Every structure is written in C-alpha cells, then in structure tokens.
Amino acid sequence: MKDSAPGTVYLSDYAPFGWLIESVHLEFDLDPDATRVKSRIVFSPNLNSPEQEFFLHGENLKLISARIDGTAISPRITREGLTCPVPDGEFLFEAEVEINPAANTALEGLYLSNGMFCTQCEAEGFRKITFYPDRPDVMAVFTVAINGSAGVLLSNGNPGPRGAGHALWHDPWPKPSYLFALVAGDLVAHSDRFTTASGRRVDLNIWVRPGGDEDKCAFAMGALKRAMQWDEQVYGREYDLDVFNIVAVDDFNMGAMENKGLNVFNSAAVLASPETSTDANFERIEAIIAHEYFHNWTGNRITCRDWFQLCLKEGLTVFRDAQFTANMRSAPVKRIRDVIDLRARQFPEDNGPLAHPVRPDHFQKINNFYTATVYEKGAEVIGMLKRLVGDKAYAEALELYFARFDGQAITIEDWLSVFEDVTRRELCQFLRWYTQAGTPRVSVKEEYDSGTYTLTFTQSTPPSAASPVQRPQIISIAVGLLGANGDEVVPTQMLELTKDSQSFTFEGLSGRPVPSILRDFSAPVILEHEISDAERAFLLAHDTDPFNRWEAGQALARETLCYMATSDARPNPDYLEGLRTVLRDDSLDPAYRALMLGLPGESEIALALSAHGIIPDPEAIHAARERLLDALAEALAGDLPALLDANAVRERYSPDAAQSGRRALFTAALALWSRRDGGARAASEYAAADNMTLQLGALGALLAVGRGEAETAAFYEQWRHERLVIDKWFAIQISHAAPDAAVAKTRALVQHPDFNWKNPNRFRAVLGALAGNHGGFHSRDGRGYALFADWLLTLDPVNPQTAARMCTAFQSWRHYDGGRQMLIGAQLDRIATAGGRSKDMAEMIARIRAARPQ
Ligand code: PHE
Ligand code: ZN
C-alpha cells in the first residue's frame, strides 16, 4: 500500500547505487563555525545497477569547489544533494565544503558538545558532513586526515602518523558512511588492553573530558573486556583493529553509537561510580557497552542493504546483548526485565497507530523507526527462531552467516537463508514475523478426559493500517504440565503453532494437570488463558519455570488491579498470600523476589482494561494501585523488618548481580515499609546511604508517601556539580509526584536554572518523567497534554530527532475517554498546524492522528 505523503520511501523501490567506491580520502580543517571538509572519492561503475543519474546526498553544505579527474565542475545543487555529468569509467571526484558545527543543535552530522567536536552519522547524518552516496549498501575504505588545534583527534580504524594539531586515520574494513566518526577536543583516556584469542593486542581507551569523569570509566572498561571475551567464546568473533576507542559525550540523542573502532556514547551510558550511579545504571552500561561492541560483527562487518533492514543489525545485536547479560548475571531476572520492558514500550506501539512491522516497508524519516518494535520485538523474533531450530542449528547458522556475508550489506531474506540452509526447512511463514505488524493474541482452551489432556490454541492478530490482512504466524509455545502436588508431570516441550487453530494432546496422565504455558515467554504474544485465581496462585507457588512463576503473580496483580480500578473490590487475598510465601522463601534469589514485588504499571493496567472493552480512568487506576500497595504493605508488615535486615548490604559496594539483587529487594521492602512507618526508616536510610542506589531508593520511598522535601533540597546541594545525578534529581520529583501535583511540579522545574532543555538527557529527565507519570500526564483538565505539547514545539526546531521520538507519549490516546481524546486531539492538531514543523515530527504526528482502521 502506497500512501500519498510526499517524501515517502518504499522498500519495493530499492535499487543499488550506480557506482562502487574504490577509496575515500577525507581531510578536515576543524573550526567551530567554519569547518572545511575536503573529499577525494574514486568511483567506478557498478555493473549490477540500473542506469541512473549520478547523485550524491548533501544537506546544509556550502560547496567551495568540486572537480572530476582534476577539472573544475559546477554541479547542480538541491536541498537534498548534488548531481553532475560523470565520465563512463572510473573517475576521481573531489569536493571541498564548509559546515558550521557550532550551529548544529540537532546533534546529527558534525556538532559541538561542550567545545568538543563530535559526529553522529547513523542513519543519514553523513550527508551533513560532505557530498556522498549516504546509504548503507555503499561500503568503502576510508582514510581520514584531521587538522585542528591541540587536543585529541580521533577517527575510525587504526592510527597513522600524528603531530601537534594533526592526525591521520585509516580504516581497512570497508564500511558504510553511517559508521563514520570523528571526535576532537580536550580529552583524557582511561586505557587498558586486551589480547584476542589469536594473540592480537588491542589498545582500549575510554575518552572523557578532564575534570572528574576519569574515575568513572573503570566499570565500562571491565564490561568492554568481558564483552570482547564473551563474543570470542560464544560466537567465535574476534576484534579486528589495533585500537578500540570509546568517547563519552554529554549531548547525544540516543544511548550510544557503534562507529567502527570509535564508539560514541552518551555519558549516561558509560560513566559510572557507586556514589553517582544506581545498580540499574551499572547494569544498563554493561549492556550498552556490550551492545555497541557486538555491532562490530553484527552491523559493521555485516551491515544492512537499506534502512528497511534495520532489524538485521539491531534485533540481532539486542538479542546478543541479552544473552550476554543473562550469562553475566541471572538469566531469569534478565528475561523478566526484558518482558516488563517489552510490555511497557513495544506492546503499546504494536497496538496503536504507530504499529509497524519489524521490517517496515515505507517511511518518511528513518529516524522515526529506531523503535521498540525494530529493536526489542526484532530480538524476540530471533529468540523464537533459535527456539524453533534449536541451539545447535542456531550456532551453525550463525557460523554460516558470518562466513557467507562478511563484508556485505544484506537483507532479512539473506539472514533467514542461512537458517534454511542449515535446517533444510522453509521459513517463508516465519518471514511474516518481519512483515506483519501487531501483537498476536493466543487463546487457550483445555480439555481433560480420563488421562488425556488437550490444549487447543487459537491465534489472531488485530488488523491495523500497517497490516490490514493478518495471516497465521509460526509461534513457539513452551509448555510444561504440573501435577496436583506441584510436581512437573510433563517437562517443558516446545509446541509449534502454525495454523489459526491447533490442538496438542498429552496422554497417560494420572489426573487433570495445571498447565504452565508460554514458559520463559517463548513468543512475543498476548496469552489469553482463563484460569482460576486458585490455579494462578498454585503456579505462583509451584511453577518450576521462573518466568511463569513471576508471570502468575503478575497476572493476579493485573487482574486484581483491573477490578479495583473499576469497582470497590478488595485486593485478591490469594495474591497477597501467594506473594508472602514467595517473599519468605530464602532459597529464591533476592533480585527475583524484588521483581515479584513489582506491580504492573498504571499504563499497563490502562491498556489491559481497554483490551477488555473498558475505558480506563487514570485517576481510578492510580488510586487502585495505591490501595493495592497499602494492602501489600499491610499483608507483609510482619515480614518487612526481617526482610530489610536480611538484605541490608554491609560489604563494600559492588554492582554485581548478587549485591544489586539484595539492594533491589531492600529498596522494594523499604518503599512498602514507608507506608507503615510514614517514611521514618527511609529517612534514616537516606541519611546513612553511601551509594546512589540506596540514596535514590530511599528518596523515592519518601516522595511516594508525600515526604522527602528536605532530602530533595539536600540532594540538589550535594550533587549540583554532577550533571548525571541532577538528571535523576529532576526525574524523581516528577515521576513520584501525586497525579494532581505532577504538572505543577514539572512547571516549576522547567523554570529551574539547571533545566538546560537543549541537552537531550535533561529534556528527557523532565518531560519523559511527566509522560511516565500516568495519572499526572492524563490529568483530566488536559494541563499535562498542553505542557508536554508546548515543549515538543519548543524542542522541534532545535532537535527534531528527540522531539519526534517523544511524541510517542501520545500513541495510546485512543484508549482513553472522549474528553481526554478531545484534549489530546486538540494538542495534536496544534502541533500539526503550527508552522515550520520538522519532517521527523510531522511524520510522527500524522501517524498518531491517523484514523483508526475499521
Ligand atoms: N545504532 C545505535 C545502537 O543501536 C543507535 C543509534 C541510532 C544511535 C541512531 C544514534 C543514532 O546502538
Ligand atoms: Zn544497536
């Protein structure tokens, strides 16, 4: 289906570029507002491409001169690039352009952050640096010369000769332009080295600005070495350059970027110390370091043919980093966290107006497709593929993948071809996971008759604008059966659902079993299984699958919250009782018990109600959740003091899984206990805290019971010079504000002198926290929506990418009542009709506003 929006790109229109690039030489004369970039590019005709006009991308470039084979030319320049006649065979194209990094607030291309030069080229930023075929299927070997004032001058690949104010870099591995990077400025390195399996020595550096960050690099360095070793051991992948550089930058739109040999990281995704970072920060840093490192093979050596194939590198690399975290820490805990995240971010996307397939087939701005669907559902799909073919075939297929496609830019069909070749099994039905949008719903019916037990599954995926016709998918469903005493009578089996409806039979049972379905969350679907509270409580007590044991508790919590939000129902006693038993079980990992204590979020309850045809009321949902928390605190009151004592960490701080698990359980218990003692214990824990996890945990517990004013003020004074901690300070005040106070709190904080809204981390800390405060954002009078829209409009001209991404706060608007829909609709209209919208924001708002399919 082609829509009529101008500037839409379609997968079906793909054609290779008409030329190959033999080599690229770039020379940068750095200057904050007038940087000169000279390029020398050798092109030769690509015999596999249709005939076409010679076109190079280029945006906001001031052309100084251009030559072909040494002769000056006057190319035709448009807003999008450059065209000119070219010779038939090989030729040398040279250009000199001028750009203005200081004026670049969008943080794409070459920009300045605290006086440091920095680039961000994925997806289409290289065209803001020089004229070039800025598309991932054009791979080339780059040589880069940098001239600048003193300081460190970095680019991709291996370093060549350098002197004061001059450096040369050569990257021997052909790469697409989106992996180009340059960094220059006053930087210091935290250095180490790694010897690869084949004995090659690699210098490792984490570069930061001098003055305080140097001692926050050690953890990331350790994580990098663990990731390098893991990729050798598990995937047989070695690093392939003499140096691996990482740079921390404060102004960055995303988490981090895998530029070849020169990763650029958002400071928040690399810098860590026990005093300033939480356990969750440490875990996230380890995962992102690994993620970017793993891209060296899945993304850089083998890259995407076009941006529709983004999940080729992202889904696979998220899957790999999840395997890494599961190995380094606890596999069940990682799995549960990933599912929480999937439900919070991907399910709403897949079930709203922004739904798109894991491999989209059209877009206006590719920046808008760095989504939870491409990344997280993309990773789930790979997990499913691995379950379907088995671990051995998965390993063989990956070996074949690296051997067959190294150095190429490829498609999802290519990726699936190695699985087809290894298993001799056709995967065209599996391809639907990449081409259909929407979360499949799988409903289950049970039948038992004298020893024979039958499970019948029915699948359906609601159609959407992105996927009007839905066909059945291959769904891997892990099932185990439990006997009445909790014994596992049928251990986990992988069932393959391929039809709309299918039955599976188990014979020879001695009684009616309790089924444990979708173990380990074996497919990214919504399971509709109507079982009694008693059976859920039984699974909560006995399921041998840790994911499903947690899920049984979540299902009980979700259901009781749905009832409590729509009636004056009391909390389900089976749930409270079951939870108490789990919490008392000291054989269970504290991190796992902490997850058990986590209730589904308010927006998850809103979507669950909506799925049952009930219009969610944000105030009622918030009140219900508060009542359930109070009831939990009451039911567990007798256990909490002992739980606090048992999980207080007295050893020297370490961010490892065991210690952070205890702190997680400790802070979860502290939050509940604050509902009993009015925050007295939390206040003393706050005063005694010597690490950020406890400090922030105690502050959150205080704010949640309406206290913590003095602590909030003291926190600011203590940390005012630590920008990453101040981000937390902004966020926690808004996320823990009561619904009727969140908007006023946000209004006050945007007036704070430290609210530097052009910094994406700070903007997200404040406005992201507002969007995440479900009750506050959806405040009945619409003030939350209006404030949020004001700031989207403010940010858009300065930083379209971040502004557009944050529009997702409105994606679930159709689930709410008519009044709220009108209020949100008015804000969407206001944004849509305001002049000068970026293309990024215009696309997002148009998609969110689009009428619902019938
Ligand atoms: N490719 C980066 C990653 O997934 C994300 C990113 C995309 C960063 C676009 C910057 C810009 O690791
Ligand atoms: Zn990535």
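Just so it is clear, the structure is predicted and the values come from calculations on it, not from any experiment. The basis for the numbers below is simple: all heavy atoms, side chains too, and nothing from hydrogens, waters or symmetry mates. Numbering of ligands and ligand atoms starts at 1, following listing order.
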key: Nearest-option assignment for atom 1 (N) of ligand 1, heavy atoms, candidates E122, H295, Q801   = E122
message = Quick check on the 6.0 Å ring-centre criterion: do Y178 and F126 meet it?
response = no
query = Quick one: does Y370 get an N or O within less than 3.5 Å of an N or O on ligand 1?
reply = no
For [X], take its heavy atoms, then give the atoms of ligand 1 lying under 4.0 Å from any of them.
{"X": "Q120", "result": "10 (C), 11 (C)"}
{"X": "E292", "result": "3 (C), 12 (O)"}
{"X": "Y375", "result": "1 (N), 2 (C), 3 (C), 4 (O), 5 (C)"}
{"X": "E258", "result": "1 (N), 2 (C), 3 (C), 12 (O)"}
{"X": "K313", "result": "1 (N)"}

inquiry  = Checking W307 against F369 for the ring pair (Phe, Tyr, Trp, His ring centres under 6.0 Å) test, could you report, in this order, the C-alpha distance in whole Å, the side-chain angles of both residues, the deciding distance, and whether it holds?
reply    = CA-CA 9 Å; W307 289 120; F369 286 83; over 10 Å; no
inquiry  = Please check this pair: side chain of W173 against backbone of D240, looking for a donor-acceptor N/O pair closer than 3.5 Å.
reply    = yes
note = Quick look: A256 vs ligand 1, heavy-atom contacts under 4.0 Å, and the answer is backbone
query = Where is the nearest protein heavy atom to atom 6 (C) of ligand 1: which residue, which atom, and how far?
reply = M254 CE, 3.6 Å
inquiry  = So, 2.8 Å as the limit: is an N/O/S atom of E314 located closer than that to the Zn ion (ligand 2)?
reply    = yes
request  = Evaluate the criterion ring pair (Phe, Tyr, Trp, His ring centres under 6.0 Å) for residue pair F28 and F180; output intermediate values, then yes/no.
outcome  = CA-CA 13 Å; F28 287 79; F180 168 83; 5.8 Å; yes
ask   = Thinking salt bridges, do E108 and K128 make one under a 4.0 Å N-O criterion?
value = yes
P176 and V138, any side-chain heavy atoms less than 4.5 Å apart = no
request  = Give a rough value, rounded to 10 degrees, for the angle at the Zn ion (ligand 2) between atoms NE2 of H295 and NE2 of H291.
outcome  = 100°
